[in-house]
Chemist: 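Would you mind keeping the following structure in view while I ask a few things?
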Amino acid sequence: MTLSIMIVDDDVVSRSMLHDIIESCGIGELAGMAEGGIEGARMIMDLRPDAVLIDLLMPDQDGIEIVAKLKRRPTRTALNSSFINRLIGWKWSMCSTK
């Protein structure tokens, strides 16, 4: 089963870097990208990805608020950022040693 991942970040460089890591290391499949928190929250509920990489500080709505709201709703999306950070770190280290 392929992991579907969504990126929510207002910084274009961060979005691009995360997208490159996901694709080049075969971490999963990109479900979508959002440039801000409001758009991201809507897309998360519509697309229902397995995991979300979310910026915690964004101008329109921060990631902390989005995660708190989504945790009150039934969803199968992984909202544990420490798990996601370990997953990305592990895959990145494996990918960079090739």
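One is the number of the first residue; the rest follow in order along the sequence.
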Chemist: Could you list the residues that satisfy side chain to side chain donor-acceptor pair (under 3.5 Å) with Glu23, not counting sequence neighbours?
Modeler: His19
Chemist: Atom CE in Met33, atom CG in Leu53: separation rounded to 0.5 Å?
Modeler: 11.5 Å
Chemist: If I take atom CE from residue Met6 and atom CG from residue Leu30, how far apart are they, to the nearest 0.5 angstrom?
Modeler: 9.0 Å
Chemist: With Ser14, which residues qualify under side chain to side chain contact (heavy atoms under 4.5 Å, CB included), at least two apart?
Modeler: Asp9, Asp11
Chemist: Side chains of residues 59-70: which donor-acceptor pairs under 3.5 Å do they make with residues two or more places apart or in other chains?
Modeler:
from  : atom 1 : to    : atom 2 : distance (Å)
Asp60 : OD1    : Gly37 : N      : 2.9
Asp60 : OD2    : Gly37 : N      : 3.3
Asp60 : OD2    : Ile38 : N      : 3.2
Gln61 : NE2    : Glu65 : OE2    : 3.3
Asp62 : OD1    : Ile64 : N      : 3.1
Asp62 : OD1    : Glu65 : N      : 2.7
Glu65 : OE2    : Lys69 : NZ     : 3.4

Chemist: In this structure, which one of Ile7, Ile27, Asp55 forms a side-chain contact (heavy atoms from CB on, under 4.5 Å) with Leu18?
Modeler: Ile7
Chemist: In the hydrophobic clustering (ILVMFWY, side-chain contacts below 4.5 Å, transitive), which residues join Val13, or is it alone?
Modeler: Val12
Chemist: For the atom pair CE (Met43) and CZ (Arg48), what is the distance rounded to the nearest 0.5 Å?
Modeler: 14.0 Å
Chemist: Walk me through whether Asp10 and Glu35 qualify under side chain to side chain contact (heavy atoms under 4.5 Å, CB included).
Modeler: CA-CA 5 Å; Asp10 60 314; Glu35 296 179 11; 5.9 Å; no
Chemist: Which heavy-atom pair separates Pro49 from Ser4 by the least distance, and what is that distance?
Modeler: CA-OG, 3.3 Å
Chemist: Find the distance between CG (Asp50) and CD (Glu29) and round it off to the nearest 0.5 Å.
Modeler: 9.5 Å
